[in-house]
Number of protein chains: 2
Amino acid sequence: MKDGPPERAPRRQARRIATERALVAAVGAVLRRDGMHGLGVNAVAAEAGADKKLIYRYFGGLPGLLRAFGESADFWPDLDELLGPDRAVLALPTAEMGAEIVRRHAAGLRRRPLTLELLAWECGHRDALTAVLEDVRQTISEALIAEMLAAGHHVPRGGRVLSSLFAAAMNYLAVRGRDIARFGDLSLDDDGWDEIGAVVGAAFAALLDAREAP
Amino acid sequence: MKDGPPERAPRRQARRIATERALVAAVGAVLRRDGMHGLGVNAVAAEAGADKKLIYRYFGGLPGLLRAFGESADFWPDLDELLGPDRAVLALPTAEMGAEIVRRHAAGLRRRPLTLELLAWECGHRDALTAVLEDVRQTISEALIAEMLAAGHHVPRGGRVLSSLFAAAMNYLAVRGRDIARFGDLSLDDDGWDEIGAVVGAAFAALLDAREAP
DNA sequence: AGGAGCAGTCACCACCCGGTGACTTTCGGA
DNA sequence: TCCGAAAGTCACCGGGTGGTGACTGCTCCT
């Protein structure tokens with residue numbers, strides 16, 4: 001964060017950094033406990049055991065603190081998680097690769113309750129935090145595409161659109177799955193997610209095959 | 001609403017019904033103006049030009065008023081909208097029919113700002129209003145399936161899953177499209193939605209053909 | 001005619017929010 | 001050593017919230 005001189009930090013500065021970290025961590029704790037609607041300077045300061053005034057002094061206000069939080073945590077499945085060890089997923093045929101990435105994306109979301117909370121929050125609001133999240137997402141997305149190109153994959157336009165469509169569906173279903181058990185014909189338990197993954201694979205295969213060989 | 005005796009309603013009761021209607025309508029107005037986060041007894045009462053106490057007297061509180069509102073408005077594309085005049089969409093081949101319903105679903109959502117607001121709200125909260133909305137949605141969904149069966153369509157399991165997947169994607173993209181211009185490889189303007197519709201059609205066709213004739 | 005009851009009004013409460021000015025304590029450099 | 005500055009504390013403000021008790025005045029039924 002900031003640019004604290006690493007060499008021999010005086011006790012003063014060490015203390016400050018400690019409370020800064022406590023505040024940032026408190027954001028996560030409050031978020032987990034009360035969700036986004038319970039997030040305020042009072043709650044965060046109480047959780048951190050610090051005074052809320054320090055939020056203004058150190059971060060300029062809640063948005064600044066949220067920005068620091070957003071940059072500190074791992075909200076999104078990173079490349080290792082999406083592509084597996086040694087980028088193994090890139091070695092699959094294109095259709096399987098697309099499906100596998102979508103599946104891993106969904107699984108990564110579902111095991112991050114905080115990310116789901118923020119994803120839900122994004123649906124209804126637009127503020128500093130959501131902007132940070134979008135930045136991070138965009139970065140990962142671009143890196144992913146670069147990896148695929150470097151691995152020699154060529155995904156036709158329709159395949160890329162289908163990927164985005166499925167990613168949107170995963171986001172929505174992962175968020176809603178916290179509250180509801182079914183959506184349309186889908187059940188949102190582990191078995192249901194397995195079935196979703198299977199159909200995603202079938203759709204990718206069918207669409208890309210149809211494009212390649214008619 | 002309720003069951004006001006149609007024959008010669010006394011002026012008292014007429015007045016009450018009028019303010020009840022005003023309160024319900026005010027919910028919609030506030031929702032349109034300030035979104036869900038600005039919805040409270042104070043705002044609604046002010047908008048309706050009535051006293052907030054009447055919300056408690058007539059509806060038992062905000063949740064009751066929201067319930068009345070949810071039952072009064074047309075939030076979702078109904079069967080006529082999804083299937084077209086004379087159920088024309090049912091006459092299409094199964095794959096085209098599925099794609100067309102998804103497209104009409106998306107279009108219906110996009111032209112209902114209130115529905116999008118509530119859809120976004122649903123992502124983060126669970127209360128009386130969301131329960132009502134889910135009831136209505138479920139009812140429409142079941143009616144839709146009944147119509148398709150009655151028209152002689154047989155949709156395999158994968159097709160139904162794909163429909164739900166696309167419906168989830170449409171919900172998410174329609175909601176997010178209010179705030180962001182792009183999602184992954186999709187642009188969320190009119191042209192982008194046309195492309196989405198095309199890919200949805202291609203995916204349905206590819207998946208259902210692959211199932212029928214391998 | 002007249003009184004009971006209901007629609008509607010108003011003031012008020014307690015509570016929680018974000019934000020700030022004034023203060024005390026503690027550290028560290030000249 | 002000592003003074004300035006930074007860390008941290010506390011009380012307070014204005015404002016908005018949901019919710020309620022006490023009231024007026026009209027209406028409708030007997």
Side-chain angles (χ1 to χ4, degrees), chain A residues 1-27 30-31 33-69 121 125 127-129, chain B residues 1-5 7-27 30-31 33-69 125 127-129:
Chain A
M1 224 154 311
K2 290 298 164 59
D3 56 348
E7 77 286 9
R8 197 189 61 85
R11 300 234 303 276
R12 289 285 287 270
Q13 204 147 357
R15 211 160 137 64
R16 167 173 181 151
I17 290 178
T19 67
E20 277 183 0
R21 290 179 121 72
L23 284 170
V24 171
V27 172
V30 170
L31 225 41
R33 180 160 39 81
D34 301 327
M36 204 69 191
H37 73 278
L39 194 73
V41 286
N42 297 297
V44 171
E47 175 71 32
D51 193 278
K52 61 177 170 177
K53 176 144 204 185
L54 303 178
I55 294 175
Y56 298 98
R57 185 130 60 200
Y58 298 157
F59 300 96
L62 236 196
L65 177 55
L66 293 181
R67 175 156 218 110
F69 174 71
W121 176 257
H125 308 78
D127 54 23
L129 180 55
Chain B
M1 226 155 310
K2 292 298 164 59
D3 56 348
E7 76 286 7
R8 199 189 59 85
R11 300 236 302 276
R12 289 285 286 272
Q13 203 148 356
R15 208 158 139 67
R16 167 175 182 151
I17 290 178
T19 68
E20 277 183 358
R21 289 178 122 74
L23 284 170
V24 171
V27 171
V30 171
L31 225 42
R33 178 161 40 81
D34 302 326
M36 205 69 191
H37 73 277
L39 195 73
V41 287
N42 296 299
V44 171
E47 175 70 34
D51 193 277
K52 60 176 170 177
K53 176 143 205 187
L54 303 179
I55 293 175
Y56 298 98
R57 184 129 64 199
Y58 298 157
F59 301 96
L62 236 198
L65 176 56
L66 292 181
R67 177 157 216 109
F69 175 70
H125 308 76
D127 54 23
L129 179 55

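Naming convention: chains lettered A, B, ... in sequence-line order (proteins, then strands); numbering from 1 in each chain. All values reported here derive from a predicted model rather than from experimental measurement. Excluded from the calculations below are hydrogen atoms, water molecules and symmetry mates; all remaining heavy atoms, backbone and side chain alike, are included.
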Side-chain N or O of [X] less than 4.0 angstrom from OP1 or OP2 on [N]?
X        : N       : value
Asn42(B) : dG18(D) : yes
Arg15(B) : dA7(C)  : no
Thr19(A) : dG8(D)  : yes

Nucleotide of [options] approaching [X] most closely (side-chain heavy atoms):
X        : options                  : result
Lys53(A) : dA22(C), dA7(C), dA7(D)  : dA22(C)
Tyr58(B) : dG8(C), dC10(C), dT20(C) : dG8(C)
Asp51(A) : dG8(C), dC10(D), dG18(D) : dC10(D)
Arg57(B) : dG8(D), dT20(C), dA7(C)  : dA7(C)
Tyr56(B) : dG18(C), dT9(D), dG19(D) : dG19(D)

Rounded to whole angstrom units, what separation is found between the [atom1] atom of [X] and the [atom2] atom of [N]?
X        : N       : atom1 : atom2 : value
Ile17(A) : dA6(D)  : CD1   : P     : 16 Å
Phe59(B) : dG18(D) : CZ    : P     : 16 Å
Arg16(A) : dA5(D)  : CZ    : P     : 16 Å
His37(A) : dC17(C) : NE2   : P     : 11 Å
Glu20(A) : dA6(D)  : CD    : P     : 14 Å
Leu54(A) : dA6(D)  : CG    : C1'   : 11 Å
Gln13(A) : dG8(D)  : CD    : P     : 11 Å
Leu62(B) : dG19(D) : CG    : P     : 7 Å

Between [X] and [Y], which heavy-atom pair has the shortest distance, and what is it?
X        : Y        : result
Leu62(B) : Ile55(B) : N-CG2, 4.1 Å
Lys52(A) : Val41(A) : CB-O, 3.9 Å
Val30(A) : Glu47(A) : CG2-CB, 3.8 Å

Considering only heavy atoms from C-beta outward, does the side chain of Arg67(A) approach that of Phe59(A) to under 4.5 Å?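 Counting from C-beta outward, Arg67(A) and Phe59(A) never come under 4.5 Å.
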State, yes or no, whether a side-chain contact exists between Asp34(A) and Leu39(A) at a heavy-atom distance under 4.5 Å.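 SC-SC contact between Asp34(A) and Leu39(A) ruled out.
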